[in-house]
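Data first, discussion second: the structure below is written as structure tokens.
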Amino acid sequence: MAKPSKLKARLPRGLTDRGPAEIAATRHMVEAIRVVFERYGFEPVETPAIEYTDALGKFLPDQDRPNEGVFSFQDDDEQWLSLRYDLTAPLARYVAENFQNLALPYRSYRYGYVYRNEKPGPGRFRQFMQFDADTVGAPTMAADAEMCMLAADTMEALGIPRGSYVVKVNNRKVLDGVMNVIGVLVEKQLTVLRAVDKLDRLGIDAVRQLLGPGRKDDSGDFTQGAGLDPLQIEYLSTVIQHQPNLVVGKSTEVDTWNKNLEENESAKSGFAEMREIEASILAAGYSDRVRIDPTVIRGLEYYTGPVFEVELLLETKDEKGRPVRFGSVGGGGRYDGLVSRFMGQPVPATGFSIGVSRLQAALTMLGKLGEKREPGPVVVTVFDRDRIADYQRMVSALRAADIRAELYLGNPKNNLGGQLKYADKRGAPCAIIQGGDEKARNEVTIKDLMLGAALAGIEDRAEYLKKQAEAQFAVKEDALVEEVRKLLARHKDV
RNA sequence: GCAGGCGUAGCUCAGUUGGUUAGAGCGCUGGUCUGUGGAACCAGAGGUCGGUGGUUCAAGUCCACCCGCCUGUACCA
């Protein structure tokens, strides 16, 4: 007699189920972010979670299959569709499609889930929420500077105090110029950028190894390096640890590089852009929150100039006390080529996204987000099993008065104790009881569960029961709604 | 992908040098119990010991491969 094999209930990795407390926290975060974004003049626009893969620019080079890392499938026309991996690429598609109807510069915001098929980790999910703002059609650096200020204001609106986060700014053109000037081969530039990006995580020694022959990590795994020569490594590590234009020569070769860097079009333009952003930041009074950081790389695909990243400076630890690295909780930059892919004309654009899910995970771990959930409904207990209709009437009266309420729907044979236990687990503010005694006097008993919960520490059971009895009171049947309303008001600020 | 660690009930875990019918606590369901939340007592449900193959008289235990999870690392628009 083989039993039917039971299906294993399991959640795919990198995805999470979310309970009432987490949903409430997200709602509060989203609302706080929305207020700031609207204050900056952005208007809401939403696009769907699915786009044509080519609109996202996500085909593998020289293949007609989508890139790994993005969830893709074919529809019945055999056209490739993908789940969006950020909110920027779909916005570019939207702008291109509605270009003639939009007032430029077009400033909009949106939030929603995005999807990445990557290895998950702490604060890294395969479905996660982003909150994004973009200014399309504005070439000026003022638009980029504003993104940095928006990022800072948003962090503070989320309750992260000044000094506990930093907005870092860099410009892709600078490192491009540096690499060209010191003669990094084109095919090695990607490796170099990846190495530079790891400075804050692995430290300068590891980065130098990655720029040179390679590095072996703690588990013994070896990562191939970029194979630069010692002088190139020296120059790069100086650049990424200081301001690029502060490099001091140690040899004629470095002197030549410095001179060339000053004349390099890309680097020159990058420095000029950073100075413009700096000026805006200073004028607006944000220089204590926004900082130039020559190691910010921000992915590799569509950014063309300024890039920004928001980092939490608070140290996070997991439940076992081990430090956890969350990486950036937001980022963005200028993507002057993204919209023009769809159009015959250049369309400059810049944007910024908050990683809501990652930030929430970090704040939860820091204990900055309450685990506390919203209060549950008032629970009307079933005392006399044959009077369920009466109890239902009370529930309806409470609901009609806009009070969350429910009838005890469990096994009605459960005695009062069991029903109160249920109400307690639901987080009910109070329970309504009407047994024969109350009924005879046209009364109902309201038991204040929040008050009673405070008594849980009492050791002596008799004493405990006595105190519990004091946390309840009888009212006339027709005063039920009014009395419950008063009780809820009493607990409102607790 | 690579390296290491770990997989026994819904959860946390025990299980001896390989030895009968794989256990505990918590939780769950029912009962003691139709007048009060934290309790107590009783009963019950819940396991192909991650999977497959091998060694053996005998495998939760030993071996191989696979799968999954965790950590590091790589990739990360």
Side-chain angles (χ1 to χ4, degrees), chain A residues 2-6 8-14 56-59 66-70 82 84-89 114-122 124 126 190-191 194-195 197-198 201-202 206 210 214-224 297-303 318 320 322 324-325 327 331 333 335 338 353 379 381-387 410-428 430-431 433-438 445 447-472:
Chain A
K3 272 198 269 188
S5 70
K6 208 168 39 178
K8 176 93 177 160
R10 59 200 193 115
L11 184 66
R13 70 193 163 134
L56 299 178
K58 272 307 166 185
F59 280 103
N67 211 337
E68 5 184 333
V70 50
S82 294
R84 61 185 176 193
Y85 55 82
D86 71 7
L87 297 175
T88 306
V114 302
Y115 303 83
R116 296 187 188 184
N117 193 2
E118 294 166 0
K119 184 186 163 181
R124 302 173 65 89
R126 295 204 294 178
L190 211 66
T191 314
R194 284 171 183 157
D197 195 32
K198 292 175 174 60
R201 189 155 53 90
L202 301 178
L210 287 168
R215 170 178 179 264
K216 195 177 277 194
D217 70 39
D218 295 340
S219 67
D221 192 27
F222 181 75
T223 306
Q224 185 65 43
I297 305 293
R298 270 324 285 166
L300 301 160
E301 206 93 4
Y302 52 60
Y303 293 122
D318 68 10
K320 287 170 188 153
R322 294 176 298 206
V324 177
R325 183 169 286 277
Y335 49 98
L338 202 53
S353 291
V379 171
T381 58
V382 174
F383 197 97
D384 293 316
R385 269 170 258 163
D386 52 358
R387 287 183 45 234
N411 185 350
K413 279 167 74 181
N414 279 345
N415 61 22
L416 204 48
Q419 299 193 33
L420 291 172
K421 198 163 161 182
Y422 167 81
D424 182 45
K425 274 195 181 168
R426 286 299 310 274
C430 64
I433 304 163
Q434 191 188 50
D437 299 349
E438 289 95 341
T445 292
K447 183 172 176 65
D448 186 335
L449 295 172
M450 298 178 91
L451 191 60
L455 306 173
I458 295 175
E459 290 291 327
D460 181 63
R461 179 158 171 81
E463 175 72 5
Y464 168 81
L465 291 176
K466 183 169 156 250
K467 289 278 187 196
Q468 281 289 0
E470 289 168 10
Q472 65 183 41

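Taking the C1' atoms as reference points, B:G10 lies 34 Å from B:U73, given to the whole Å.
With sequence neighbours excluded, no residue forms a salt bridge (Lys or Arg N to Asp or Glu O under 4.0 Å) with A:D437.
Considering only side-chain N and O atoms, A:R116 lies nowhere under 4.0 angstrom from the phosphate OP1 or OP2 of B:C75. Between A:K198 and B:C75 there is a side-chain polar atom (N or O) within less than 4.0 angstrom of OP1 or OP2. Considering only side-chain N and O atoms, A:R126 lies nowhere under 4.0 angstrom from the phosphate OP1 or OP2 of B:C76. Contact annotation: A:K216 side-chain N/O to B:U73 OP1/OP2 distance is not under 4.0 Å. OP1 or OP2 of B:A74 lies within a sub-4.0 Å distance of a side-chain N or O belonging to A:R201.
The base of B:U36 lies outside donor-acceptor range of the side chain of A:K421, with no N or O pair under 3.5 Å. With hydrogens and angles ignored, a donor-acceptor pair closer than 3.5 Å exists between the side chain of A:R124 and the base of B:C76. A:E118 contributes no side-chain N or O that forms a donor-acceptor pair with the base of B:A74 under 3.5 Å. Applying the 3.5 Å distance criterion, the base of B:G35 shares no donor-acceptor pair with the side chain of A:Q472.
Between A:R194 atom CZ and B:C75 atom C1' there is a gap of 7 Å when expressed in whole angstrom units.
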Practice problem: Represent RNA chain B in dot-bracket notation, 5' to 3'. Only Watson-Crick or G-U wobble pairs with both distances under 3.5 Å count; pseudoknot-style crossings use [ ] and interstrand partners use |. | Solution: (((((((..((((.....[...)))).(((((.......))))).....(((((..]....))))))))))))....
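Between A:R124 and A:E118, at least one side-chain nitrogen of the basic residue sits less than 4.0 Å from a carboxylate oxygen of the acidic one, meeting the salt-bridge criterion.
With distances taken from any side-chain atom of A:T445 to the nucleotides B:G35, B:A74, B:A77, the minimum falls on B:G35. In this structure, the nucleotide among B:G38, B:G72, B:C28 sitting nearest to the side chain of A:K425 is B:C28. Distances were taken from every side-chain heavy atom of A:D424 (C-beta onward) to each of B:U73, B:G35, B:G37; the shortest belongs to B:G37. For A:I433, the listed nucleotide lying nearest its side chain is B:G35; candidates were B:G37, B:G35, B:A74.
To the nearest 0.5 Å, atom CZ of residue A:F383 and atom CD of residue A:E438 are 7.0 Å apart.
Between A:R116 and A:D86 the shortest side-chain heavy-atom distance falls below 4.5 Å.
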